[in-house]
Amino acid sequence: MKATDTQIAVSLAEDGSTVATYRGQSLTVRPSDWLHRASRSGLPFSAGRERLEHTQAFKPVYARGRSGDVGLFWRLSTTEPMVRDAIQGAVSAIGAAPWRIEKPTLPSHLAGNPAAQAALDRHYDYASLVWSSWTDTGLDRVWSDWIADILQFSMICGFYLGEITAIERQLALPQGPVRTYLIPEIPLTIMPKTVDEWVFQGNPDTGMVAIVQETFDQIDTFGNAGPGSKVIQWEKLIHVPFMPASKGDLEGRSILRACARLIEMKQKALQLWALATEVNALGIMTVKQDPQRPLTTEAEDKLDDELGNRTAEHVSHIIMPPGDHELQIISPSSATPDLGPQIDAFDRQIGHALGNVHRLMSLQGTGSYGARQDASAEARDAYDYLADLPARAAERLLRRFIILNFPMDARLGMIFTPNVAHAVVEERDNSKYASTVATLTGAGLLSSNTTTENMLREQLDLPPLEEKADTAETPRLDGEALMGLRLAYQ
């Protein structure tokens with residue numbers, strides 16, 4: 001054995017198996033060890049701030065902003081059209097998709113348990129009430145507003161943070177008496193730049209306690225600035241990070257992290273292109289002085305102002321002072337440099353980082369039709385991932401308030417949270433959709449009733465039928481009728 005080798009003492013565990021001891025620590029996993037965490041997440045934090053980012057310019061306090069500074073990522077998102085296109089495209093497609101909540105099913109170990117079934121029914125009835133309040137019309141904040149907030153802040157700043165509020169309502173669910181319920185409202189958005197500290201114990205993924213918010217720059221019309229710095233309990237917040245390194249990565253990862261430098265390079269190239277165009281179009285004006293009557297200091301200052309005001313927006317006049325002074329216009333080159341290929345290259349790389357290269361291919365007319373179709377399909381898959389962000393946040397919020405409103409069920413371990421579901425996020429070809437429905441109907445795989453027909457009409461943006469009882473005499477929506485419906489839509 002070498003001198004550098006470490007000998008590990010081996011002993012027998014309680015169950016008779018052979019285990020090892022290393023650095024004075026027994027490697028036996030006892031039953032009580034399953035109840036406690038032995039590791040740390042390893043995410044670097046100091047003084048309530050995450051230190052995971054290695055590039056100084058992209059550290060959260062600079063990139064997603066802090067206090068009065070909106071941050072690098074937010075500034076780039078307001079000046080780069082491709083960023084706006086990526087975020088608006090996602091918000092528009094996901095916000096317009098059909099959303100619903102689905103009743104959960106009992107797990108197999110509770111199947112046939114009447115108490116569990118009654119709890120499930122109560123929780124679904126309560127969640128349906130909350131969902132109707134979120135999707136009602138005419139309210140200040142509705143479900144689509146929350147989708148937009150979650151997507152834009154998480155994609156730009158790396159995470160979304162909202163404060164949870166609720167109202168009290170006295171009502172009777174179908175399965176219970178009249179009582180007071182807490183109904184959660186659409187959360188109130190907190191600007192990520194106002195988060196000064198993350199407060200946690202042990203590990204940020206399991207030990208979050210609060211945040212420290214700074215709002216010294218928020219002053220209302222009447223001069224009230226509020227407390228400026230405030231500690232907000234974590235239980236009052238809903239947090240949605242975008243592509244975090246792990247659950248404890250509270251800052252998330254902005255979509256601009258991978259293309260911020262590319263955007264800056266592209267903007268510089270555009271500025272250079274515009275400057276080159278202006279210089280070559282207008283030329284550089286110089287004044288050759290009369291050696292016999294040199295310009296006075298006052299005349300030089302006046303000429304400097306007049307020449308400096310000569311831009312592409314307006315043609316200035318020049319009044320020459322007395323003397324044989326000569327005005328010369330010099331054009332640096334006969335042709336303006338073409339930076340279009342370089343800017344297109346930047347656009348392609350930025351499009352890859354933002355996930356909207358499929359839209360760029362359509363605008364530039366590049367790539368085959370099949371390539372554009374594949375890119376669009378990949379974009380729809382990405383939209384489905386983005387749609388899961390508000391969906392899972394809503395489920396966590398519903399579960400939290402189900403526990404608050406039904407504490408006895410929670411103590412019995414019977415909490416059933418509905419699934420917040422959305423249709424596939426895509427731009428549907430209604431002609432192909434109608435043809436598919438007609439084929440399924442003709443094959444006998446799809447039967448007609450008022451519910452099904454209204455669902456199809458909703459997908460085709462047609463008015464619903466009046467409610468009527470389904471009978472044997474209800475006309476069947478056969479393939480010929482569906483084909484006529486498709487032609488009428490077209």
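In this structure, the side chain of Asn203 does not engage the main chain of Gly207 through any donor-acceptor pair within 3.5 Å. Side-chain N or O atoms of Thr55 include none that pairs as donor or acceptor with a backbone N or O of Ala57 at under 3.5 Å. Checked by atom type and distance alone, the side chain of Asp145 pairs as donor or acceptor with a backbone atom of Val142 at under 3.5 Å. Judged by distance alone, with hydrogens and angles left aside, the side-chain atoms of Asp388 form no donor-acceptor pair with the main-chain N or O of Ala391 at under 3.5 Å. Not one N or O on the side chain of Glu197 forms a donor-acceptor pair closer than 3.5 Å with the backbone of Val212. In this structure, the side chain of Arg169 does not engage the main chain of Ile183 through any donor-acceptor pair within 3.5 Å. Distance alone, capped at 3.5 Å, places no donor-acceptor pair between the Trp146 side chain and the Leu188 backbone.
For the pair Pro107/Phe416, a side-chain contact is recorded, criterion being any heavy-atom separation below 4.5 Å from C-beta on. The side-chain heavy atoms of Phe401 and Phe406, taken from C-beta on, include no pair separated by under 4.5 Å. Counting heavy atoms from C-beta outward, Leu27 and Thr21 have side chains that stay 4.5 Å or more apart. Val83 has its side chain out of reach of Leu76: every pair of non-hydrogen atoms, C-beta onward, lies at least 4.5 Å apart. For the pair Val70/Thr78, no side-chain contact is recorded, criterion being any heavy-atom separation below 4.5 Å from C-beta on. A heavy-atom distance below 4.5 Å is not found between the side chains of Thr417 and Pro104. Side-chain contact between Pro204 and Leu43 is present, with heavy atoms from C-beta onward closer than 4.5 Å. Counting only heavy atoms from C-beta outward, the side chains of Leu173 and Leu171 approach each other to under 4.5 Å.
Summarising the geometry, atom CG belonging to Asp347 is positioned 11.0 Å from atom NE2 belonging to His352; distances are rounded to the nearest 0.5 Å. Here the CD atom belonging to Gln152 is positioned 5.5 Å from the CD1 atom belonging to Ile156, to the nearest 0.5 angstrom. Rounded to the nearest 0.5 Å, atoms CD1 (Ile190) and CG (Leu161) are 4.5 Å apart. Rounded to the nearest 0.5 angstrom, Gln349 CD and Leu354 CG are separated by 11.5 Å. Rounded to the nearest 0.5 angstrom, Thr215 OG1 and Met191 CE are separated by 12.0 Å. The CG atom of Leu262 sits 9.5 Å away from atom CD of Glu264, with the distance rounded to the nearest 0.5 Å.
Of all the heavy atoms in Ala387 and Ile94, the pair that sits closest is N-CD1, 3.6 Å. Nearest heavy-atom pair, Gly89 versus Tyr383, reported as atom, atom and distance to 0.1 Å: C-OH, 3.4 Å. Across all non-hydrogen atoms, the minimal contact from Pro60 to Glu53 is CD-CB, 4.4 Å. Nearest heavy-atom pair across Phe153 and Pro192 is CD2-CD, 3.6 Å. Contact record, Glu185 with Trp134: C-NE1, 3.8 Å, taken as the closest heavy-atom pair. Across all their heavy atoms, Asp409 and Ile415 have their closest contact at C-CD1, 4.2 Å.
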Decide yes or no on side-chain contact (heavy atoms from CB on, under 4.5 Å) for Met82 and Lys266, but give the supporting numbers first.
CA-CA 11 Å; Met82 291 187 65; Lys266 173 189 170 182; 4.1 Å; yes
Which is it for Val199 and Val231 under the side-chain contact (heavy atoms from CB on, under 4.5 Å) test, yes or no, and what are the steps along the way?
CA-CA 9 Å; Val199 184; Val231 178; 5.5 Å; no
Test Arg100 against Glu102 for salt bridge (charged side-chain N to carboxylate O under 4.0 Å, His left out), laying out the working first.
CA-CA 7 Å; Arg100 65 186 183 279; Glu102 297 176 341; 2.8 Å; yes
Check step by step if salt bridge (charged side-chain N to carboxylate O under 4.0 Å, His left out) holds for Lys193 and Asp69.
CA-CA 7 Å; Lys193 73 181 184 67; Asp69 182 13; over 6 Å; no
Could you give me the CA-CA distance, side-chain angles and deciding distance for Ile87 and Leu151, then say whether side-chain contact (heavy atoms from CB on, under 4.5 Å) is met?
CA-CA 7 Å; Ile87 296 174; Leu151 292 180; 5.7 Å; no
Could you walk me through whether Arg37 and Asp205 pass the salt bridge (charged side-chain N to carboxylate O under 4.0 Å, His left out) test, one step at a time?
CA-CA 12 Å; Arg37 182 174 183 175; Asp205 53 351; 3.1 Å; yes
Walk me through whether Arg392 and Asn419 qualify under side-chain contact (heavy atoms from CB on, under 4.5 Å).
CA-CA 9 Å; Arg392 302 293 83 81; Asn419 177 41; 3.4 Å; yes
Between Glu251 and Arg64, does the salt bridge (charged side-chain N to carboxylate O under 4.0 Å, His left out) criterion hold? Intermediate values first, please.
CA-CA 9 Å; Glu251 294 287 350; Arg64 56 95 166 156; 2.9 Å; yes
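Judged purely by distance below 3.5 Å, without hydrogens or angles, the side chains of Asn405 and Tyr126 pair a donor atom with an acceptor atom. Remark: the Gln213 side chain and the Thr194 side chain contain an N/O donor-acceptor pair separated by less than 3.5 Å. Ser229 and Glu214 are not linked by any side-chain donor-acceptor pair at a separation below 3.5 angstrom, with hydrogens and angles left out of the test.
Cation-pi check for Arg179 over Tyr181 is met; the charged atom lies under 6.0 angstrom from the ring centroid and within 45 degrees of its normal.
Crowding of Asp140 atom CG: a count of heavy atoms from other residues, nucleotides or ligands under 6.0 Å not exceeding 12.
For residues 103-113, every residue pair satisfying the side-chain hydrogen bond (donor to acceptor under 3.5 Å, both in side chains) rule, not counting sequence neighbours, is listed here: Lys103-Asp121.
Separation of the Trp74 and Tyr62 ring centroids does not fall under the 6.0 Å cut-off. Between Phe45 and Phe200, the distance from one ring center to the other falls under 6.0 angstrom. For Tyr124 and Trp131, the gap between ring centers reaches or exceeds 6.0 Å.
A search for salt bridge (charged side-chain N to carboxylate O under 4.0 Å, His left out) contacts involving Arg66 returns Asp196, not counting sequence neighbours.
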Result block: side-chain N/O donor-acceptor pairs under 3.5 angstrom for residues 235-244, not counting sequence neighbours:
residue	atom	partner	partner atom	Å
Lys236	NZ	Glu163	OE2	3.3
Lys236	NZ	Ile164	O	2.9
His239	NE2	Leu250	O	2.9

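Classification of the His422-Trp99 ring pair by plane angle, with boundaries at 30° and 60°, yields tilted.
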